Amino acid sequence: DGRVSVSAPLNTKVESIALFVRKNYAWVMKHREAIQNQLRESPRRYVNGETHYLWGEQYFLTVKMSGTRSWGEISFSGNEMTLVVPKTSTDKSRHAYVTDWYRQILNREIPERLPYWERITGLKSRDYVIQKMVRSWGTCNSKKGLIRLNLQLVKKPKVALDYVIIHEMAHFYEGNHGKDFWKIFD
């Protein structure tokens with residue numbers, strides 16, 4: 001809804017917080033507007049003509065009803081994505097099916113990309129988890145060597161997946177985004 005909140009350590013003086021807000025007001029408003037102007041994906045209904053994305057490419061959905069209770073493969077031709085569903089399917093069951101399919105795609109891609117970037121960077125991860133995330137593209141647990149990746153990355157160009165993998169592995173060695181963190185990328 002566009003609201004901005006400020007958090008600060010408990011012992012911070014109110015005057016210091018107010019000064020910080022005044023000094024950074026223009027920057028905050030600029031970025032708030034940019035975020036508000038970003039295109040948002042409307043709730044999916046999984047009906048003909050709806051747009052869906054895979055690796056940054058836009059596809060128009062065609063839903064075909066099958067005569068059986070089984071689900072068909074999701075297939076692509078040009079800019080068309082075809083989903084074969086049982087006649088008894090609902091928005092909710094189609095959502096679950098497509099979400100599972102996206103997870104499978106990402107689970108095939110990550111085991112190829114993760115070792116590649118480990119070789120290139122010398123950074124190592126013990127494991128990864130794919131999750132539906134609302135506020136971030138990825139997180140990590142440096143103690144466990146675990147990377148959590150946002151399921152929505154499957155809809156973005158593969159370079160976004162690569163960046164998040166490298167970014168989260170870098171946090172195994174440097175916890176914050178200071179100069180030492182960014183040196184890892186050089």
Side-chain angles (χ1 to χ4, degrees), residues 1-46 50-61 91 95 98-99 102-103 105-106 109-110 113-114 116-118 120-186:
D1 65 3
R3 284 186 276 178
V4 177
S5 63
V6 177
S7 61
L10 287 174
N11 60 352
T12 307
K13 294 180 181 177
V14 173
E15 296 83 18
S16 297
I17 296 169
L19 178 61
F20 176 85
V21 169
R22 278 194 302 275
K23 280 178 60 178
N24 293 285
Y25 181 80
W27 183 91
V28 169
M29 290 301 113
K30 176 182 158 192
H31 286 84
R32 177 178 161 249
E33 182 180 345
I35 289 168
Q36 287 180 316
N37 289 334
Q38 287 178 350
L39 294 175
R40 300 280 186 240
E41 189 175 78
S42 60
R44 305 286 83 190
R45 294 186 46 233
Y46 303 91
E50 194 172 62
T51 58
H52 290 266
Y53 292 84
L54 177 64
W55 300 129
E57 298 292 326
Q58 181 183 43
Y59 296 94
F60 296 96
L61 184 64
D91 293 358
H95 172 76
V98 173
T99 299
Y102 274 134
R103 187 178 303 279
I105 296 292
L106 208 48
E109 194 67 29
I110 294 169
R113 299 188 101 67
L114 194 56
Y116 172 79
W117 288 113
E118 287 176 339
I120 298 290
T121 64
L123 303 169
K124 299 287 181 211
S125 169
R126 286 194 191 111
D127 204 359
Y128 70 90
V129 175
I130 299 169
Q131 279 186 265
K132 183 178 179 187
M133 302 167 96
V134 177
R135 291 186 169 82
S136 64
W137 292 111
T139 63
C140 72
N141 181 322
S142 55
K143 290 179 182 175
K144 293 182 179 180
L146 177 70
I147 295 174
R148 294 185 188 282
L149 298 166
N150 190 325
L151 176 62
Q152 298 299 312
L153 284 166
V154 74
K155 298 177 183 181
K156 304 300 178 190
K158 286 183 182 180
V159 67
L161 174 60
D162 290 337
Y163 175 81
V164 174
I165 286 172
I166 296 166
H167 185 102
E168 296 309 329
M169 284 194 306
H171 279 304
F172 293 156
Y173 300 92
E174 186 60 42
N176 60 41
H177 293 116
K179 289 179 186 176
D180 291 338
F181 176 83
W182 295 108
K183 284 180 186 175
I184 295 170
F185 287 86
D186 291 340

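Worth knowing before you read on, the calculation uses all heavy atoms, side chains too, and leaves out hydrogens, waters and symmetry mates. Predicted, not measured: the structure shown is a model, and the values here were computed from it. We number each residue from 1, following the sequence as shown.
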Between Arg113 and Lys158, the two heavy atoms sitting closest are NH2-CB, 3.8 Å
Close aromatic pair by centroid cut-off 6.0 Å: Phe181 and His171: yes
Exercise for review: Walk me through it: do Asn176 and Glu174 pass the test side chain to side chain contact (heavy atoms under 4.5 Å, CB included)?
Suggested key: CA-CA 6 Å; Asn176 60 41; Glu174 186 60 42; 3.5 Å; yes
| Judged by atom type as modelled, is there a donor-acceptor pair below 3.5 Å linking the side chain of Arg44 to the main-chain atoms of Thr51? | yes
Heavy-atom closest pair (Glu118 atom, Met169 atom, distance to 0.1 Å) is CG-SD, 3.8 Å
When rounded to the nearest 0.5 Å, the distance separating CD of Glu168 from CG of Leu114 is 12.0 Å
When every non-hydrogen atom of Leu106 is compared with those of Trp55, the smallest separation belongs to CD1-CH2, 3.6 Å
Exercise for the section: Could you walk me through whether Val21 and Val4 pass the side chain to side chain contact (heavy atoms under 4.5 Å, CB included) test, one step at a time? Expected result: CA-CA 11 Å; Val21 169; Val4 177; over 6 Å; no
In this structure, CH2 of Trp182 is separated from NE2 of His167 (nearest 0.5 Å) by 5.5 Å
Nearest heavy-atom contact between Ser125 and Gly145 is OG-O, 3.3 Å
ask   = Between His95 and Tyr46, does a side chain to side chain contact (heavy atoms under 4.5 Å, CB included) hold up when you go through it step by step?
value = CA-CA 7 Å; His95 172 76; Tyr46 303 91; 2.9 Å; yes
Within-4.5 Å side-chain heavy-atom neighbours: Trp117 and Ile120:
yes
Is it the case that the side chain of Asn141 and the backbone of Leu146 share a donor-acceptor pair, with hydrogens and angles ignored and the cut-off at 3.5 Å?
no
* With a 4.5 Å heavy-atom cut-off, do Ile184 and Tyr173 have their side chains touching? -> yes
SB check Arg45 Glu50 (cutoff 4.0 Å): no
To the nearest 0.5 Å, atom CD of Gln58 lies from atom NZ of Lys155 at 12.5 Å
Taking every heavy atom of Ser136 against every heavy atom of Thr139, the minimum-distance pair comes out as OG-CG2, 3.6 Å
Next on the checklist: Is there a side chain to side chain contact (heavy atoms under 4.5 Å, CB included) between Lys156 and Leu161? Walk through the geometry before answering.
Outcome noted: CA-CA 8 Å; Lys156 304 300 178 190; Leu161 174 60; over 6 Å; no
In short, Ile165 meets Ile147 closest at the heavy-atom pair O-CD1, 4.1 Å
OH (Tyr25) and CZ (Phe20) are apart, to the nearest 0.5 Å, by 14.5 Å
Show your reasoning for whether ring pair (Phe, Tyr, Trp, His ring centres under 6.0 Å) applies to His52 and Phe60. CA-CA 6 Å; His52 290 266; Phe60 296 96; 10.0 Å; no
The reported gap from CD1 in Ile105 to CG in Leu153 (rounded to nearest 0.5 angstrom) is 14.0 Å
| query | Under the 3.5 angstrom rule, does the side chain of Arg103 hit a backbone N or O of Ile130 as a donor-acceptor pair? | reply | yes
The single option from Thr99, Leu149, Leu54 that satisfies side chain to side chain contact (heavy atoms under 4.5 Å, CB included) with Val154 is Leu54
